[in-house]
Amino acid sequence: MRDFWRRFRRNKGALVGLGVLALVLCLALFAPMIDSGDPWAMVQRPFLPPFEIAQTMFGTDTLGRDIGTGLVYGARVSLMIGFVSTVAALLLGVTLGAVAGYYGGWIDAALMRFTELFQTVPSFAFAIVLVAIFQPSVGSIVTAIAIVSWPPVARLVRGEFLTLRQRDFVAAARLDGQSDLRIIFVELLPNAASSIVVMASLMVATAILLESSLSFMGLGDPDLMSWGYMIGAARTVLRQAWWMSVFPGLAILLTVLALNLVGEGLSDGLNTRLGGGRGNAGL
């Protein structure tokens, strides 16, 4: 862990990204303590510009709702959807990729053809269709994002397993009588974890962008305030009230950028060759 942190902190951008991400997470976790207001409540006159009244520092929208309160509570929705959909996609993608890469042969061929079937359809268009079919809600959005996000994970894990299964420590585990399930989860998966962790950080960023895009198009959960919903609600008044779209847009930009910077830092930190350390842990 000490070596990981030393390699991670060499990337100054990753440290900045980690700080921004920590701030956003604090906003999401402690939203009721930071702002006890209701993001749907009308608190002032509509189209109040930012920085005119302390209580509504970021201005108000077309219905007089506080933009600042929406930003705070929108962080909860955007991050929750991003993390939950990423976990679901990882569970599916890692499982299929691990089975395909470990067993190879016709199992590998069948699973990869199944994976390619999902990759033939543009992910955003596929997500729109899925959400429209199941009605816009948190559950349908998470499901749609997970379904369009797992194929790259499966291909990554498959490639890692195809390489790792040829190593001596796998042959030694087989001679020791270990089951296939134990070899996959105890021997192979930990050695592929670094690539999966880096991809996961980037997948969260992509999931937030997907959720924002869906909400912008009116396919978000109508009962929850999100950054994408705020931008979508402001698209008809961009000239009269620039702040309604600029502030949530900046929130999305900074969060996604922070996640990408953290992903680069994780890649550096988990790459033992940068620190002159030993190679694969399983060797």
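Remember, predicted model here, so these are calculated numbers, not experimental data.
Between Ile128 and Met217, some side-chain heavy-atom pair lies under the 4.5 Å cut-off. Using a 4.5 Å cut-off on side-chain heavy atoms (C-beta onward), Gln55 and Val43 make no contact. Using a 4.5 Å heavy-atom threshold, the side chains of Thr255 and Val20 count as separate. Using a 4.5 Å heavy-atom cutoff, the side chains of Glu160 and Thr163 are not in contact.
One N or O on the side chain of Asp221 and one on the backbone of Val138 form a donor-acceptor pair closer than 3.5 Å. A side-chain donor-acceptor contact under 3.5 Å links Arg76 to the backbone of Ala28. Distance alone, capped at 3.5 Å, places no donor-acceptor pair between the Thr56 side chain and the Gly59 backbone. Looking only at distances, a side-chain donor or acceptor of Thr60 sits under 3.5 Å from a matching main-chain atom of Arg45. Looking at Ser215, its side chain does come within 3.5 Å of a backbone N or O of Glu211 through a donor-acceptor pair. A donor-acceptor pair under 3.5 Å is absent between the side-chain atoms of Tyr102 and the main chain of Leu181, judged by distance alone. Of the possible polar contacts, none joining the Thr69 side chain to the Arg65 backbone as a donor-acceptor pair under 3.5 Å is found. Remark: side-chain polar atoms of Arg235 are paired, donor with acceptor, to backbone N or O of Phe216 under 3.5 angstrom. In terms of modelled atom types and a separation under 3.5 Å, the side chain of Trp227 and the main chain of Ala251 share no donor-acceptor contact. For the pair Ser140 (side chain) and Gln135 (backbone), a donor-acceptor distance under 3.5 Å is present.
The distance from atom CE of Met199 to atom OG of Ser149, rounded to the nearest 0.5 Å, is 10.0 Å. Here the CG atom belonging to Leu92 is positioned 8.5 Å from the OG1 atom belonging to Thr115, to the nearest 0.5 angstrom. Here the CG-CD1 distance, from Leu210 to Ile141, works out to 10.5 Å after rounding to the nearest 0.5 Å. Distance CE/Met42 to CG/Leu63: 6.5 Å, rounded to 0.5 Å. Considering OG of Ser78 and CG of Leu71, their distance stands at 10.0 Å, rounded to 0.5 Å. Between the CG atom in Leu111 and the CD atom in Glu116 there is a gap of 11.0 Å [rounded to 0.5 Å].
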Decide yes or no on side chain to side chain contact (heavy atoms under 4.5 Å, CB included) for Val157 and Thr95, but give the supporting numbers first.
-> CA-CA 9 Å; Val157 175; Thr95 301; over 6 Å; no
Evaluate side chain to side chain contact (heavy atoms under 4.5 Å, CB included) for Val170 paired with Phe161, printing each intermediate quantity in order.
-> CA-CA 11 Å; Val170 176; Phe161 272 50; over 6 Å; no
Go through Val256 and Leu209 one step at a time and tell me if the side chain to side chain contact (heavy atoms under 4.5 Å, CB included) criterion holds.
-> CA-CA 8 Å; Val256 171; Leu209 288 175; 3.8 Å; yes
Residues Arg158, Asp108; criterion salt bridge (Lys or Arg N to Asp or Glu O under 4.0 Å); working and verdict | CA-CA 8 Å; Arg158 169 188 177 264; Asp108 179 27; 2.6 Å; yes
Go through Gln178 and Glu187 one step at a time and tell me if the side chain to side chain contact (heavy atoms under 4.5 Å, CB included) criterion holds.
-> CA-CA 10 Å; Gln178 295 185 25; Glu187 301 292 343; 3.7 Å; yes
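Pairs passing the ring pair (Phe, Tyr, Trp, His ring centres under 6.0 Å) check and including a residue from residues 13-71, sequence neighbours excluded, read Trp40-Tyr229, Phe58-Phe247.
The hydrophobic clustering, which links ILVMFWY residues whose side-chain heavy atoms are closer than 4.5 Å, places Val186 and Leu188 apart. By the criterion of side-chain heavy atoms lying less than 4.5 angstrom apart, applied directly or through intervening Ile, Leu, Val, Met, Phe, Trp or Tyr residues, Ile196 is grouped together with Ile184 in one hydrophobic cluster. Taken together through direct or relayed side-chain contacts under 4.5 Å among Ile, Leu, Val, Met, Phe, Trp and Tyr, Met244 and Tyr73 form parts of separate hydrophobic clusters. Clustering ILVMFWY residues whenever any of their side-chain heavy atoms sit less than 4.5 angstrom apart, transitively, puts Val204 in the very cluster that holds Leu253. No chain of hydrophobic side-chain contacts below 4.5 Å, direct or via other Ile, Leu, Val, Met, Phe, Trp or Tyr residues, connects Val87 to Leu25.
Within 6.0 Å of CE in Met80 there are more than 12 heavy atoms belonging to other residues, nucleotides or ligands. The number of heavy atoms from other shown groups lying within 6.0 Å of CZ (Arg174) is above 12.
When each of Ile81, Leu259, Thr86 is tested with Ile208 by the rule side chain to side chain contact (heavy atoms under 4.5 Å, CB included), just one qualifies, namely Leu259.
Across every non-hydrogen atom of Ile231 and Ser245, the tightest pair is CG1-O, 4.0 Å.
The hydrophobic side chain of Leu117 is isolated, with no ILVMFWY side chain under 4.5 Å apart from it.
Listed by chain and number, the residues in a ring-ring contact (aromatic ring centres under 6.0 Å, His included) with Phe118 are Phe114, Trp150 (sequence neighbours excluded).
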